[in-house]
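Reviewing the structure listed below.
No hydrogens, no waters, no symmetry mates; every other heavy atom, side chains included, goes into these values.
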Amino acid sequence: MNDDLVRTWCDAGARLDSRGRPADFGDAAEELACALEGVVLADRSAFGRLRGNGRDLLDLLDRLSTNRVRDLNPGDGLPTVLTTAKGRILERLFVFHLGPGGILLITGGGADSRVENHFARYTIGEDTGLIVVSESTAQFDIVGPRAGDVVNSAGWNRIPRFGAARVSWGDGEADLLGCDGDGGAGYSVVVEAAAARQAWDWLTSALERAGGRIAGDTALEARRILLGLPASGAELTEAHNPLEAGLLDAVRFDKGCYVGQEVIARLRTYDKVARSLSGWVVDRDIAPPAAGARLSIDGREVGLVTSGVRLPNSHRTVGLAYVKPRELGDIAEVQVGAEEVVAQLIPLPFPAQSWR
């Protein structure tokens, strides 16, 4: 953790959690509203980052993952999924071609070493140059429907979704990426860790000119769930496959072979995807049920909770779950866990009235 950056957060009113992360900046409910309807700036350095410049990196990644990445050109990017031989999710990656800066991979928090080890397992003489750069870099996300206003305020040009560009700020440079770390609409800015505080100050000035605000992890997690964006370690695990997780933008069904391809192709061809992501809401002020809590109807399991959060300054608790639509029929109410708690199943993304 960058001590200078933490002091800057505290000066801005941050309340830190047990990990030293900014939970909020004094008003999580307002931060959530701004993330959904305006624009916020958030530190997302907890995501994993790997960089490589070897001539074989994209070719190897193409043989290990679900999307066609081997033909990426400088300035391009896309999502892909590393899958196991059984077609299960090892990790979802956002891949960006930075030109002379090499290939940048964004992973979920704590997944960088797992991805590095996975590449090492399948590397037989290939030149990838892949290294973990999570500690030597910082990542700041510009999140919300007005994220482009902050990009323009910083003096940069907007880039396409999943695009990438090298940009200047003050006396430094950064990589501007065309999605936020959760895969939603927005931008990520990746800088060297040594320049993190100065880059944060530059971005907060641009944010203020655009009428946005800083947000902490509480608001960002609530926003992720309300938008139905699956996360590494929660929805994206080896218990599930990319089709169940709704990662269709990360899967190419017309590309060459990759690890797990036959399984995923059969799931699609024979309509064997038995579970799908759904939202759920409890209209009571309860602690979010733990991941793995059962969703049931008359004692019959119809799904499992993967994420949950109590909406700030609200009596509602919302979350995500994998459910079995064929088991549900027309029923939209389920029992959560062993308690007498009833949840309403909600199609994703949640409607606006869920958080207003």
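L105 and L176 fall into different hydrophobic clusters, where Ile, Leu, Val, Met, Phe, Trp and Tyr are joined by side-chain heavy atoms under 4.5 Å apart, directly or via other members. Cluster membership for L220 and I225, using ILVMFWY side-chain heavy atoms within less than 4.5 angstrom, is not shared. Linking ILVMFWY residues whenever their side-chain heavy atoms come closer than 4.5 Å, directly or via other members, leaves L98 and I159 in distinct clusters. Under a hydrophobic clustering in which Ile, Leu, Val, Met, Phe, Trp and Tyr are joined whenever their side-chain heavy atoms come within less than 4.5 Å, directly or via other members, L36 and V318 fall into the same cluster. Two different hydrophobic clusters hold L58 and F94 under the rule that ILVMFWY side chains link at heavy-atom gaps under 4.5 Å.
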**Message:** Would N67 and V251 count as a side-chain contact (heavy atoms from CB on, under 4.5 Å) here? Give the steps.
**Reply:** CA-CA 5 Å; N67 214 336; V251 180; over 6 Å; no
**Prompt:** Run the side-chain contact (heavy atoms from CB on, under 4.5 Å) check on L90 and H118 step by step: do they pass?
**Reply:** CA-CA 9 Å; L90 181 80; H118 188 70; 3.3 Å; yes
**Message:** With side chain to side chain donor-acceptor pair (under 3.5 Å) as the criterion, how do T137 and R49 come out once you've worked through the C-alpha distance, each side chain's angles and the decisive distance to 0.1 Å?
**Reply:** CA-CA 8 Å; T137 59; R49 290 169 296 283; 2.7 Å; yes
**Request:** Apply side-chain contact (heavy atoms from CB on, under 4.5 Å) to the pair E126 and D59, showing each step before the final yes or no.
**Result:** CA-CA 9 Å; E126 288 90 350; D59 181 71; 5.8 Å; no
**Request:** In sequence, state the C-alpha distance, the side-chain angles, and the governing distance for D149 and V39, and then conclude on side-chain contact (heavy atoms from CB on, under 4.5 Å).
**Result:** CA-CA 8 Å; D149 293 349; V39 61; 5.7 Å; no
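For the pair R268 and F253, the cation-pi criterion (under 6.0 Å, within 45° of the ring axis) is fulfilled.
The backbone N or O of G216 sits less than 3.5 Å from a side-chain atom of E31, completing a donor-acceptor pair. The main-chain N or O of P288 is never found under 3.5 Å from a side-chain atom of T317 such that the two would form a donor-acceptor pair. In this structure a side-chain-to-backbone donor-acceptor pair under 3.5 Å is missing from N53 to G102. A donor-acceptor contact shorter than 3.5 Å links the side chain of T83 to the backbone of V259.
The OG atom of S278 lies 7.5 Å from the CD1 atom of I346; values are rounded to the nearest 0.5 Å. Atom CG of L41 and atom CD1 of I214 lie 6.5 Å apart (nearest 0.5 Å). The structure places CD1 of I142 at 5.5 Å from CG of L203, a figure rounded to the nearest 0.5 Å. Remark: L16 CG to D24 CG distance equals 9.5 Å, nearest 0.5 Å. The OG atom of S134 sits 11.5 Å away from atom CZ of F47, with the distance rounded to the nearest 0.5 Å. To the nearest 0.5 angstrom, R316 atom CZ is 12.0 Å from D285 atom CG.
The side-chain heavy atoms of F119 and L61, taken from C-beta on, include a pair separated by under 4.5 Å. Residues E238 and T84 meet the side-chain proximity criterion, which asks for heavy atoms closer than 4.5 Å. Contact annotation: the side chain of L130 approaches that of L57 to within less than 4.5 Å [non-hydrogen atoms, C-beta and beyond]. You'll find the side chain of L247 stays beyond 4.5 Å of the side chain of P79, heavy atoms only. Contact annotation: the side chain of L311 approaches that of L32 to within less than 4.5 Å [non-hydrogen atoms, C-beta and beyond]. A heavy-atom distance below 4.5 Å is not found between the side chains of R44 and S188. A 4.5 Å side-chain heavy-atom check between L345 and W280 finds at least one atom pair inside the cut-off. Taking 4.5 Å as the limit, every side-chain heavy atom of L226 sits out of range of all side-chain heavy atoms of P349.
The pair D3-R7 does not count as a salt bridge, with every side-chain nitrogen at least 4.0 angstrom from each carboxylate oxygen. The pair R252-D62 fails the salt-bridge criterion, with no side-chain N (NZ, NE, NH1 or NH2) lying under 4.0 Å from an Asp/Glu carboxylate O. Remark: R51 engages D175 in a salt bridge, criterion side-chain N to carboxylate O under 4.0 Å. Using a 4.0 Å cut-off between charged side-chain N and carboxylate O, D182 and R92 make no salt bridge. Ion pairing between a basic and an acidic side chain is recognised when a charged N comes within 4.0 Å of a carboxylate O; D17 and R19 show such pairing. For D201 and R197, the salt-bridge test passes: some basic side-chain N is under 4.0 Å from an acidic carboxylate O. Salt-bridge check for R21 with D43: passed, with a basic side-chain N closer than 4.0 Å to an acidic carboxylate O.
For the residue pair H315/D283, the side-chain donor-acceptor check at 3.5 Å is satisfied. In this model, a donor atom of one side chain and an acceptor atom of the other lie less than 3.5 Å apart for S232 and E91.
Counting heavy atoms of neighbouring residues, nucleotides and ligands inside a 6.0 Å radius, atom CG of N157 does not exceed 12 of them. Atom CD of Q344 is surrounded by more than 12 heavy atoms from other residues, nucleotides or ligands within 6.0 Å. Enclosure of atom CZ in R121 is not indicated, since only 12 or fewer non-hydrogen atoms of other residues, nucleotides or ligands lie within 6.0 angstrom. Within a 6.0 Å radius of CG in D171, other residues, nucleotides and ligands contribute 12 heavy atoms or fewer.
When every heavy atom of G87 is checked against every heavy atom of P242, the shortest pair comes out as O-CD, 3.4 Å. Closest non-hydrogen pair, Y187 versus G178, comes out as CD2-CA, 4.2 Å.
The aromatic rings of F140 and W200 sit perpendicular to each other, their planes meeting at more than 60°, with 30° as the lower class boundary.
Taking E235 as the reference, R224, T306, S307 meet the side chain to side chain donor-acceptor pair (under 3.5 Å) condition, with sequence neighbours excluded.
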